A.B. asks: 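Take a look at the following structure, please.
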Amino acid sequence: MEQLNILILTLQTGEEVIANLKDHIEVVDGVERKVCYNMIYPFTLEETGQNKNNQVSVIFKPWKRFSCDTSFLIGYDKIVNMCSPLPSIIEEYKKAVDTLIQTLAEQQQQ
């Protein structure tokens, strides 16, 4: 099973995005080089307030809602910072990814 690298990114636009982040490698002048990041299953994060247990509620929305693509290349210069999400956010992200995969599969069958 491939290692997940789930991170929260703050983009130059101010968007908070959670994604499985990988290095994108291309051959440049005959040498493999990391040229940018590949965001796999990126979702925007929106806080909706606190729930009954005083925990923050979060809504996950696909970063590119009108695209059927599931990975996007992004330049290093477009990311302001990145950090590790809380374990509960990782679990909710995985559920959102599973739902997106199921939705895309259903749409392809139509």
Side-chain angles (χ1 to χ4, degrees):
M1 181 179 213
E2 189 175 334
Q3 177 93 13
L4 296 177
N5 186 33
I6 300 169
L7 296 171
I8 296 174
L9 313 170
T10 302
L11 305 183
Q12 278 185 336
T13 60
E15 293 171 292
E16 295 286 322
V17 177
I18 186 168
N20 185 17
L21 196 67
K22 304 287 181 192
D23 289 318
H24 178 72
I25 298 171
E26 291 184 6
V27 176
V28 179
D29 298 327
V31 178
E32 285 188 353
R33 298 179 193 257
K34 297 176 186 177
V35 295
C36 63
Y37 287 119
N38 185 7
M39 295 189 305
I40 304 165
Y41 298 115
F43 283 81
T44 59
L45 296 167
E46 292 182 21
E47 185 179 341
T48 63
Q50 292 185 341
N51 64 17
K52 297 179 211 174
N53 303 329
N54 273 343
Q55 293 180 336
V56 174
S57 267
V58 177
I59 294 176
F60 294 85
K61 293 182 181 176
W63 184 55
K64 295 289 185 183
R65 294 188 315 232
F66 305 109
S67 175
C68 62
D69 292 339
T70 58
S71 68
F72 303 88
L73 300 180
I74 187 165
Y76 297 127
D77 62 332
K78 303 301 179 199
I79 299 172
V80 176
N81 66 28
M82 57 181 81
C83 63
S84 299
L86 296 168
S88 60
I89 298 296
I90 291 173
E91 291 309 310
E92 291 301 314
Y93 168 74
K94 289 178 181 179
K95 289 177 189 174
V97 169
D98 289 343
T99 300
L100 176 64
I101 291 169
Q102 182 178 355
T103 301
L104 291 173
E106 288 170 0
Q107 288 175 349
Q108 287 181 346
Q109 292 175 354
Q110 294 178 352

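Predicted model, so just to flag it, every value in this text is computed and none were measured. We're numbering straight along the sequence, starting at 1.
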A.B. asks: Which is it for Ile6 and Lys94 under the side chain to side chain contact (heavy atoms under 4.5 Å, CB included) test, yes or no, and what are the steps along the way?
C.D. replies: CA-CA 10 Å; Ile6 300 169; Lys94 289 178 181 179; 4.2 Å; yes
A.B. asks: Should Tyr93 and Ile101 be regarded as members of a common hydrophobic cluster, given that ILVMFWY residues are connected when their side-chain heavy atoms come within less than 4.5 Å of each other, either directly or indirectly?
C.D. replies: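 They do share one cluster, since a chain of ILVMFWY contacts under 4.5 Å joins Tyr93 to Ile101.
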A.B. asks: Does the side chain of Pro42 reach to within under 4.5 Å of the side chain of Phe72, using non-hydrogen atoms?
C.D. replies: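 A side-chain contact exists here, since the closest heavy-atom pair is under 4.5 Å.
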A.B. asks: Rounded to the nearest 0.5 Å, what's the gap from CG on Leu45 to CD on Glu92? Could you check?
C.D. replies: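 CD of Glu92 is found 11.0 Å from CG of Leu45.
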A.B. asks: Has the side chain of Thr48 got a donor or acceptor atom that lies under 3.5 Å from a matching backbone atom of Ser57?
C.D. replies: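 Yes: the side chain of Thr48 pairs with the backbone of Ser57.
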A.B. asks: Atom NE2 of His24 and atom CE of Met39: how far apart are they, to the nearest 0.5 Å?
C.D. replies: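 Atom-to-atom, His24:NE2 and Met39:CE are 13.0 Å apart.
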A.B. asks: State, to 0.1 Å, how close Pro62 and Leu100 come at their nearest heavy-atom pair, and which atoms those are.
C.D. replies: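 For Pro62 versus Leu100, the nearest heavy atoms are CG-CD1, 4.4 Å.
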A.B. asks: Between Ile18 and Val97, is there a shared hydrophobic cluster once you connect ILVMFWY residues whose side-chain heavy atoms come closer than 4.5 Å?
C.D. replies: yes
A.B. asks: Hey, does the side chain of Asn20 reach the backbone of Asn5 with a donor-acceptor pair shorter than 3.5 angstrom?
C.D. replies: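 Between the backbone of Asn5 and the side chain of Asn20 there is a qualifying donor-acceptor contact (under 3.5 Å).
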A.B. asks: Mind checking whether Phe60 and Lys95 have side chains closer than 4.5 Å, heavy atoms only?
C.D. replies: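 No, every pair of side-chain atoms sits at 4.5 Å or beyond.
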A.B. asks: Between Asp98 and Tyr41, does a side chain to side chain contact (heavy atoms under 4.5 Å, CB included) hold up when you go through it step by step?
C.D. replies: CA-CA 10 Å; Asp98 289 343; Tyr41 298 115; over 6 Å; no
A.B. asks: Count I, L, V, M, F, W, Y as connected when their side-chain heavy atoms are under 4.5 Å apart, and connections chain through other members. Are Leu86 and Leu4 then in the same cluster?
C.D. replies: yes
A.B. asks: Side chains of Val17 and Phe43, heavy atoms from C-beta outward: is any pair under 4.5 Å?
C.D. replies: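 The answer is no; the side chains never approach within 4.5 Å.
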A.B. asks: What heavy-atom pair brings Asp77 and Gln12 nearest, and what distance separates the two atoms?
C.D. replies: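 Reported closest heavy-atom pair: O-NE2, 2.9 Å.
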A.B. asks: I need the Asp23 CG to Asn38 CG distance, nearest 0.5 Å.
C.D. replies: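 Spacing of CG (Asp23) from CG (Asn38) equals 9.5 Å.
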A.B. asks: From Glu32 CD over to Glu26 CD, what is the distance, rounded to the nearest 0.5 angstrom?
C.D. replies: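 Glu32 atom CD to Glu26 atom CD measures 10.5 Å (nearest 0.5 Å).
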A.B. asks: With the 4.5 Å side-chain cut-off for hydrophobic clustering, are Ile89 and Met82 part of the same group?
C.D. replies: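 Looking at the clustering, Met82 is in a separate group from Ile89.
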A.B. asks: For the CD atom on Glu106, are there more than 12 heavy atoms of other groups (residues, nucleotides or ligands in this structure) within a distance under 6.0 Å?
C.D. replies: yes
A.B. asks: Does a side-chain heavy-atom distance below 4.5 Å link Leu7 with Ser84?
C.D. replies: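 With C-beta onward as the side chain, the pair touches.
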A.B. asks: Considering non-hydrogen atoms only, spot the tightest contact between Ile74 and Cys36 and give its length.
C.D. replies: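 In terms of heavy atoms, the two residues are closest at O-CB, 3.2 Å.
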A.B. asks: Determine whether a donor-acceptor pair (N or O, by modelled atom type, separation under 3.5 Å) exists between the side chain of Glu16 and the backbone of Ile8.
C.D. replies: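 Checking the backbone N and O of Ile8 against the side chain of Glu16, no donor-acceptor pair under 3.5 Å is found.
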A.B. asks: Walk me through it: do Leu11 and Trp63 pass the test side chain to side chain contact (heavy atoms under 4.5 Å, CB included)?
C.D. replies: CA-CA 12 Å; Leu11 305 183; Trp63 184 55; 3.9 Å; yes
A.B. asks: Hey, could you give me the OG1/CG distance between Thr99 and Leu104, rounded to the nearest 0.5 Å?
C.D. replies: 11.0 Å
A.B. asks: Please assess Tyr76 against Lys34 for the test side chain to side chain contact (heavy atoms under 4.5 Å, CB included), listing each intermediate value before the final yes or no.
C.D. replies: CA-CA 10 Å; Tyr76 297 127; Lys34 297 176 186 177; 3.2 Å; yes
